[in-house]
Amino acid sequence: MKKMRLVSLFTGIVLLLLTFSCQKEAGYEVTIPEGQQRVRIRLSDNPVSFDAVNVDIQRVEVLVVPDSCRSGRGNDDEDDDDDDNDCDHDHDGDDDHHGYRCAVWDTLDIRAGIYNLLDLTNGADTLLASGFTVSGSIKKIRLTLGTNNSVVVDSVSYPLMLWSGFNRVTIKVRGEDIDEITPGDLQVWLDFDAGRSIVRVTNNRFVLKPFLRIWLPAQTASIKGKILPDAAQAVVSAIANGDTLIAIPDDDNGRFKIRGLRGTSAVVYINATAGGYQDTTLTAVPLQRGQDTDIGTIQLHN
């Protein structure tokens, strides 16, 4: 079996501009029409012990409460209850606004098709969707999945069935989930955790129940470093604030990076899975919001 790989996160960038303006991107002017906002969403993940995790993504939408609807109180101004799992799973055909009285779903432009989550490793992400929506408050992000999902184990591909036939997953967006870079310029990062999303029912049967979370680089910390030798096939785990995130060092240089850590310190476990190498534990690794903590090069011994 090939080594587990890290995919750190399915990330989203949301740009909210309430008046006509222009922005530069990739060397050309991007015009934001008056009364609209531009939304961009980026994707990555957490590791699993498969050769590939192929997810069929067909549509990405955002639920927006227009600015014109926010003068009064009611469901549109209320926050959702604090829930560890911010994902709701919907059957195809359900199209309610999840309690938001005058909210609207806007569809973003995407390259619909299959994405191998394991192509994104050690802190990488990729642009998944972008487009214009009505100007307002982003409350939810919704993904619609197709049926061409699969996992590859020991070079053999197996279908990845949708859990109970649910083909859509909705992620809550709270006020604290949004990073305001400049007035009217907001960003949201979304993490698709494949490790918690795939259920192995039997040896040859797998089920996909998507688990996603939102995190902000400015409000969380990262740990990076280098683990040698590659023959140890190490797995790096960081435990902070009751949460565990995992990384697999790169095959070429042993480097790894774990993002989205909360709290002021972490315990880092380096588990050797091959070659008789000894495990290593680092305690009280300091964390600082918005910063990388570099643990340097860790040489494992047998």
Side-chain angles (χ1 to χ4, degrees), residues 9-23 25 30-43 57-110 127-145 166-192 210-219:
L9 117 104
F10 176 12
T11 312
I13 298 183
V14 179
L15 301 177
L16 309 181
L17 296 180
L18 304 183
T19 59
F20 181 87
S21 62
C22 292
Q23 294 187 355
E25 181 184 32
V30 176
T31 300
I32 309 297
E34 184 175 0
Q36 294 189 2
Q37 61 196 16
R38 187 163 61 104
V39 179
R40 292 183 293 168
I41 296 180
R42 307 186 68 88
L43 175 67
I57 303 176
Q58 292 295 313
R59 182 181 299 172
V60 177
E61 303 162 277
V62 290
L63 183 68
V64 183
V65 177
D67 292 328
S68 59
C69 293
R70 303 186 66 199
S71 57
R73 297 188 59 83
N75 288 339
D76 292 343
D77 296 318
E78 295 175 1
D79 291 332
D80 294 302
D81 54 352
D82 292 329
D83 192 340
D84 290 338
N85 185 353
D86 288 341
C87 301
D88 296 322
H89 299 86
D90 308 314
H91 280 295
D92 189 18
D94 294 341
D95 196 28
D96 64 286
H97 289 170
H98 296 268
Y100 296 107
R101 174 171 40 82
C102 59
V104 294
W105 283 106
D106 272 329
T107 301
L108 305 180
D109 296 325
I110 71 166
L127 181 66
L128 174 69
S130 64
F132 295 101
T133 74
V134 62
S135 181
S137 176
I138 304 295
K139 292 295 185 180
K140 294 177 185 287
I141 301 170
R142 184 166 68 191
L143 278 65
T144 299
L145 304 179
F166 291 113
N167 72 325
R168 297 195 307 194
V169 56
T170 304
I171 306 95
K172 303 172 186 176
V173 181
R174 301 180 178 90
E176 62 268 25
D177 294 329
I178 301 175
D179 183 21
E180 187 172 24
I181 300 174
T182 59
D185 183 358
L186 310 179
Q187 300 189 75
V188 177
W189 279 260
L190 183 63
D191 176 49
F192 194 126
F211 185 97
L212 300 100
R213 69 185 181 100
I214 292 176
W215 63 279
L216 293 180
Q219 296 181 7

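Nothing fancy with the numbering, it's 1 onward along the sequence. Just so we're clear, the structure is a prediction, and the values are computed from it rather than from any experiment. All heavy atoms count here, side chains included; hydrogens, waters and symmetry mates do not.
Q219 is linked by a side-chain hydrogen bond (donor to acceptor under 3.5 Å, both in side chains) to nothing, counting only residues two or more places apart in sequence or in another chain.
When all heavy atoms of V64 and S135 are compared, the pair lying nearest together is CG1-C, 4.3 Å. Minimum interatomic distance between I57 and I110 (heavy atoms only, all atoms of both residues): O-CD1, 3.8 Å. The two atoms that bring V104 and P66 nearest to each other are CG2-CG, 4.4 Å, heavy atoms only. Residues T170 and K140 approach most closely at CG2-CD, 3.5 Å, considering heavy atoms. In terms of heavy atoms, D67 sits closest to S137 at OD1-N, 4.5 Å.
Separating the CZ atom in F211 from the CD1 atom in I171 is a distance of 11.0 Å, to the nearest 0.5 Å. Rounded to the nearest 0.5 Å, atoms CG (L108) and CZ (R142) are 11.5 Å apart. Taking CG from L143 and CD from E61, the interatomic distance works out to 9.0 Å, rounded to the nearest 0.5 Å.
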Candidate pair R174 and I214, rule side chain to side chain contact (heavy atoms under 4.5 Å, CB included), full reasoning = CA-CA 9 Å; R174 301 180 178 90; I214 292 176; over 6 Å; no

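The backbone N or O of W215 sits nowhere less than 3.5 Å from a side-chain atom of D191 that would complete a donor-acceptor pair.
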